[in-house]
There are 2 protein chains.
Amino acid sequence: MNDTSFNPRDCGTCPIRHRAVCSRCEPDELEHLDDIKYYRTYEAGQPVIWAGDPMEFVASVVTGIATLSQTMEDGRTQMVGLLLPSDFIGRPGREQAPFDVVAVTDLTLCCFRKKPFEDLMGSTPSIGGRLLQMTLDELDSAREWMLVLGRKTAREKIASLLMIIARRDAALHKRLPKDGMEFDLPLTREAMADYLGLTLETVSRQISALKKAGVIILQGKRQVQIPDLQRLVSETGDDVDGGHIF
Amino acid sequence: MNDTSFNPRDCGTCPIRHRAVCSRCEPDELEHLDDIKYYRTYEAGQPVIWAGDPMEFVASVVTGIATLSQTMEDGRTQMVGLLLPSDFIGRPGREQAPFDVVAVTDLTLCCFRKKPFEDLMGSTPSIGGRLLQMTLDELDSAREWMLVLGRKTAREKIASLLMIIARRDAALHKRLPKDGMEFDLPLTREAMADYLGLTLETVSRQISALKKAGVIILQGKRQVQIPDLQRLVSETGDDVDGGHIF
DNA sequence: CGCATACTTTGATCAGGATCAAAGCAAGAT
DNA sequence: ATCTTGCTTTGATCCTGATCAAAGTATGCG
C-alpha cells in the first residue's frame, strides 16, 4: 500500500487537497498565490506560537513534530495534542491561539495567511468540508485521549501512547502497523509525561517495566521495537478489536 | 433568563440557524421538511445511541441534558462530553457513533435525518461553516478538559466542573455568572466522577469539603449556590483572568 | 581530555485518591 | 407505616503514582 507514485493533486502531507491552494500539488499554477502561502521552518525546541497570541496564519505540518499544550500558573503542563505531518494548526475565524504550539523536532510548516485562506474557504466550499472532517477527527482523538487521561493506569497510558505513535508512524509510511515494527520515540520522557498526565519518573519506570516484560525492545533510549503488537494492545486496556480513530 | 420574546429566525437552542432547517424558527415554511426533521424525546436514564451503532441522524439538544461517554471492557467509564441545550450531536459523513450518548435528564432532541442533512450542507455552505465553528469550540473545550483530567487535583476538578456548569447555566439564560447565583447540579455524584476521572466517594468528599469551606452552599444535594465566584475560580487552579472558551 | 549540559534511570519515602465497607437519607411503592 | 430502591455520606485502610534525591549516560564544547 505504499503508493510511491506521487499524485500531484494530493501530496499526502497537506490537508488542504485542493489545487487552488497547495503548491506541492500543482506548483506551476500557483505563482500568484505566493503571498498567501509560504513554508516556514522551526528548530527543535522553538515555540511556534503561544496561547493568547494573535494568530495570523493557519498551517499544516509538512515534516517534524510539534506539540499543543497548556500550562497552569504554577507550571503544571498538559499536552493536548501531538501534531505530526499532515496535521492542521489553526482556527479559521479565530483571532487568538488557544494553546501553546512548540516544535519538538525540527519542523516545517506549510502556512497560509489567515485572511486570504478564509476568503478561499468562502469561495471553495470543499475546503470547509475537508476542514470539518479533520476537525471532527481531532475531536474524536481528543475524546479518546480523555479516557486515557481520566481512567487508565500509568502502564496503560504508556502503552496507549506507544500504540498511537506506532499507528501514526505506520500511517505516515502508508502501511499497517505490524509485529516487529520499529519507530523512533520523538518525545523526551518529560514530554511523554506531559502528554500522559504523569511525572517523568513514572514514565521512565513504566517504560523500563514494559521493556523488562518484553513488550517493547529498546535500542538506545528512543528507538522502539514492538515484537508483538497484540501484546502491546493488551497492555493498553483497550478493547482488542475496538475501532480506532487514530 | 427567560427571553420570552421569541425570535422566529433564531430560536436560541437550535445550532442550525438557517431558516431552511429549523422549523421552530420558521414553522410555516417547513411542512415539506417534516420528513427530514423531527423532534424526539427520551426519559432520564435512557440511552440515545451506543458507540458503534449506525447513526442515521444528527441532532441538537433542545431541552435536558445528555452525556457522551466511553466505557472500557472492565467497566471503567469516562465521560467525554456534557451535552446541554444547543449542543450538537452527530457526525456528518460518519456511519457510526463514536461514543455512547445517554439522557441524564428528560431530553428533547431536534433531529435531522442524516442523508438529507448532508445534502442540505452541500447546498448551503453556511451550515457547514457554522458546524465547523461549533466543532472547533468543542475541540477547544475537550482540550481544556484534558488539562483538568491530566493535571488537576480532585478539589480543583470539582471546582472546575462547578464553574463549567455555572457558566453554561448562565449562558443558557443569557446572562453572566455572578456572585450568589444558583443552579441545579444536573448530575449524580457518580456521573460527576465519570466526568472528572474520580470515584464517586472522592467527589462526595470534595463537595463536602468545598461546602465546609464556604465556597459553595448546598440546598439539598443538587441545588448549588455560589456566594463568591472569584473564590470558586481560585479553587479551580485556573488563571483568574484567563480567557475561557466555555 | 575534562567539563558542562541535558536527559534518563533508579531508589526511598510520602500522600492523594482508590477501595472496601457500612450507614444515612429521600422518594416512591406496597 | 414499612419496605425498597437509588443516591449520598462517612470511615478505615491500601496502593499507585508523586516527590525528593542522587547517580548514570550521552553529547557537545573549550
Side-chain angles (χ1 to χ4, degrees), chain A residues 43-46 67 72 74-78 102 104-106 148-162 184-213 216 218-224 235 237, chain B residues 43-46 67 72 74-78 102-105 148-162 184-213 216 218-224 235 237:
Chain A
E43 283 171 35
Q46 266 194 314
T67 60
M72 294 169 68
D74 59 8
R76 281 177 280 175
T77 297
Q78 177 64 52
V102 178
V104 172
T105 63
D106 288 350
V148 174
L149 289 174
R151 291 303 189 193
K152 290 194 178 180
T153 64
R155 179 155 176 157
E156 289 170 336
K157 285 179 175 182
I158 297 287
S160 299
L161 178 58
L162 291 173
D184 208 62
L185 257 188
L187 304 173
T188 65
R189 300 291 184 256
E190 187 180 26
M192 288 188 255
D194 285 343
Y195 203 166
L196 296 165
L198 298 171
T199 59
L200 64 91
E201 294 94 330
T202 298
V203 170
S204 178
R205 277 186 246 273
Q206 295 300 333
I207 287 181
S208 298
L210 287 174
K211 185 173 81 174
K212 187 152 18 161
I216 58 174
L218 289 181
Q219 268 111 40
K221 292 168 192 315
R222 298 292 193 86
Q223 188 72 12
V224 180
E235 293 282 353
Chain B
E43 285 171 33
Q46 265 194 315
T67 60
M72 294 169 69
D74 61 7
R76 281 177 279 174
T77 297
Q78 177 64 52
V102 179
V104 172
T105 62
V148 175
L149 289 174
R151 292 301 187 194
K152 290 195 178 179
T153 65
R155 179 155 176 158
E156 289 170 336
K157 285 179 174 182
I158 297 287
S160 299
L161 178 58
L162 291 173
D184 209 61
L185 256 187
L187 303 173
T188 65
R189 300 292 186 255
E190 187 181 25
M192 287 188 255
D194 285 342
Y195 203 167
L196 297 165
L198 297 170
T199 59
L200 66 91
E201 294 94 330
T202 299
V203 170
S204 179
R205 278 185 246 271
Q206 295 299 333
I207 288 181
S208 298
L210 287 175
K211 186 173 80 174
K212 187 152 17 159
I216 58 174
L218 288 181
Q219 269 110 40
K221 293 169 190 316
R222 299 293 194 86
Q223 189 71 14
V224 180
E235 293 282 352

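Side chains are part of it too, since the values below use all heavy atoms of this structure and drop only hydrogens, waters and symmetry mates.
Take the nearest nucleotide of DNA chain D for B:Arg205 and for B:Leu187: the residue whose nucleotide is more 5' is B:Leu187. The 5' end of DNA chain C is approached more closely, in terms of each residue's nearest nucleotide, by A:Leu200 than by the other of B:Ala154 and A:Leu200.
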Starting from the C-alpha separation in whole Å, work towards a yes-or-no answer on side-chain contact (heavy atoms from CB on, under 4.5 Å) for B:Leu162 and B:Leu185. CA-CA 8 Å; B:Leu162 291 173; B:Leu185 256 187; 4.1 Å; yes
Full working for side-chain contact (heavy atoms from CB on, under 4.5 Å) between A:Glu190 and A:Thr199: CA-CA 7 Å; A:Glu190 187 180 26; A:Thr199 59; over 6 Å; no
Given the rule in the side-chain contact (heavy atoms from CB on, under 4.5 Å) test, do B:Glu156 and A:Arg76 qualify, once you have shown the distances and angles that lead to the verdict? CA-CA 13 Å; B:Glu156 289 170 336; A:Arg76 281 177 280 175; 2.7 Å; yes
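The heavy-atom pair separating B:Lys211 from B:Leu218 by the smallest distance is CD-CD1, 3.7 Å. Nearest heavy atom pair, residue B:Gln223 against residue B:Asp184, reads OE1-OD1, 2.9 Å. Between B:Arg151 and A:Gly197 the shortest heavy-atom distance is NH1-C, 3.5 Å.
In the set C:dT9, C:dG17, C:dC7, C:dG17 carries the atom at the smallest distance from any side-chain atom of B:Thr202.
Rounded to a whole Å, the CD atom of A:Gln223 is 15 Å from the P atom of C:dT8. Nucleotide C:dG16 holds its C1' atom 13 Å from the CZ atom of A:Arg76, rounded to whole Å. A straight line from CG of A:Leu218 to C1' of C:dC7 spans 15 Å, rounded to a whole angstrom. Rounded to whole Å, the distance from CD on B:Glu201 to C1' on C:dG17 is 10 Å. Put simply, NZ on A:Lys212 is 12 Å from C1' on C:dT9, counting in whole angstrom units. In this structure, CZ of B:Arg189 is placed 13 Å from C1' of C:dC25, rounded to the nearest angstrom. Between A:Ile158 atom CD1 and C:dT8 atom C1' the separation is 13 Å, expressed in whole Å. The distance from atom CZ of B:Arg155 to atom P of C:dA18 is 16 Å, rounded to the nearest whole Å.
Residue A:Ser204 is in base contact, counting any heavy-atom pair closer than 4.0 Å across all strands shown. Residue contacts shown for A:Arg222 are limited to sugar-phosphate atoms, with no base heavy atom under 4.0 Å away. Nucleic acid contact class of B:Gly45 (heavy atoms, under 4.0 Å, all strands): none. Within 4.0 Å of A:Thr199, counting heavy atoms only, lies at least one base atom of the nucleic acid. At a threshold of 4.0 angstrom between heavy atoms, the contacts of B:Leu198 are confined to the sugar-phosphate backbone, with no base atom among them.
With a heavy-atom cut-off of 4.0 Å to chain B, the contacted part of DNA chain D has its first and last nucleotide at D:dT8 to D:dA12.
In the displayed structure, B:Glu43 atom CD is contacted under 6.0 Å by at most 12 heavy atoms of other residues, nucleotides or ligands.
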